Amino acid sequence: EAYAPTDNVGELTARTNDEGFETIFSSWLKISKLKKNDALLIFSVGGGNLEKKVSVNIIKAITLAKKTKTDVLSIVGKKDGYAYKNSNVSLCIPIIDNKLVTPFSEGFQAVVWHCIVSDPRLKKNNTKW
């Protein structure tokens, strides 16, 4: 059974303060005992780039997932990023306007996220609406 801290925000902010931002996700996934039957879902515009040292935290999380044979699913805004190239399943939001890659990507990701958390098979508590 995975370790699930009761205060995820506190856990992540403490880890960032102590260890740095580059390992924020991979450290948390290690303590949570990430394993083969889990899945790592990545929402990112660029998906990370080692050469440019962009979103290294996402890259390290994906690397850990690969080591534990955990499936990586990504929804991104660019096909040239690490997440898109290194996920088991990748979905790239179509680019309609290069100036709007970020809002289109994040908007679509928000819709997907809301669909996931609202799915009746996953919902633990009824909403007021």
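All values derive from a computational prediction rather than experimental measurement.
Atom CD1 in Ile24 sits 3.0 Å away from atom OG1 in Thr16 (nearest 0.5 Å). Atom CD1 of Ile96 and atom CZ of Phe104 lie 4.5 Å apart (nearest 0.5 Å). Rounded to the nearest 0.5 Å, atoms CD1 (Ile31) and CG (Leu29) are 11.0 Å apart.
Contact of the Asp71 side chain with the Val89 side chain is not registered, since no non-hydrogen atoms from C-beta on lie closer than 4.5 Å. Counting only heavy atoms from C-beta outward, the side chains of Phe43 and Val112 approach each other to under 4.5 Å. Residues Asn57 and Ser55 are in side-chain contact: their nearest non-hydrogen atoms beyond the backbone lie under 4.5 Å apart. Side-chain atoms of Ile116 and Leu41, non-hydrogen and from C-beta on, do get closer than 4.5 Å to each other.
Residue pairs meeting the salt bridge (charged side-chain N to carboxylate O under 4.0 Å, His left out) criterion with at least one partner in residues 16-30, sequence neighbours excluded, are Arg15-Glu19.
Side-chain atoms of Thr70 come within 3.5 Å of backbone N or O of Lys35 as a donor-acceptor pair. When atom types are taken as modelled, the side chain of Ser90 and the backbone of Tyr84 share a donor-acceptor pair closer than 3.5 angstrom. For Lys66 (side chain) and Asn86 (main-chain N/O), a donor-acceptor pair under 3.5 Å exists by modelled atom type. Checked by atom type and distance alone, the side chain of Gln109 pairs as donor or acceptor with a backbone atom of Ser44 at under 3.5 Å. Looking at Asn88, its side chain does come within 3.5 Å of a backbone N or O of Val72 through a donor-acceptor pair.
Residue Val76 comes nearest to Gly47 through the heavy atom pair CG1-CA, 4.4 Å, listed as atom of the first residue, atom of the second, then distance.
No more than 12 heavy atoms of other residues, nucleotides or ligands sit less than 6.0 Å from atom NZ of Lys78.
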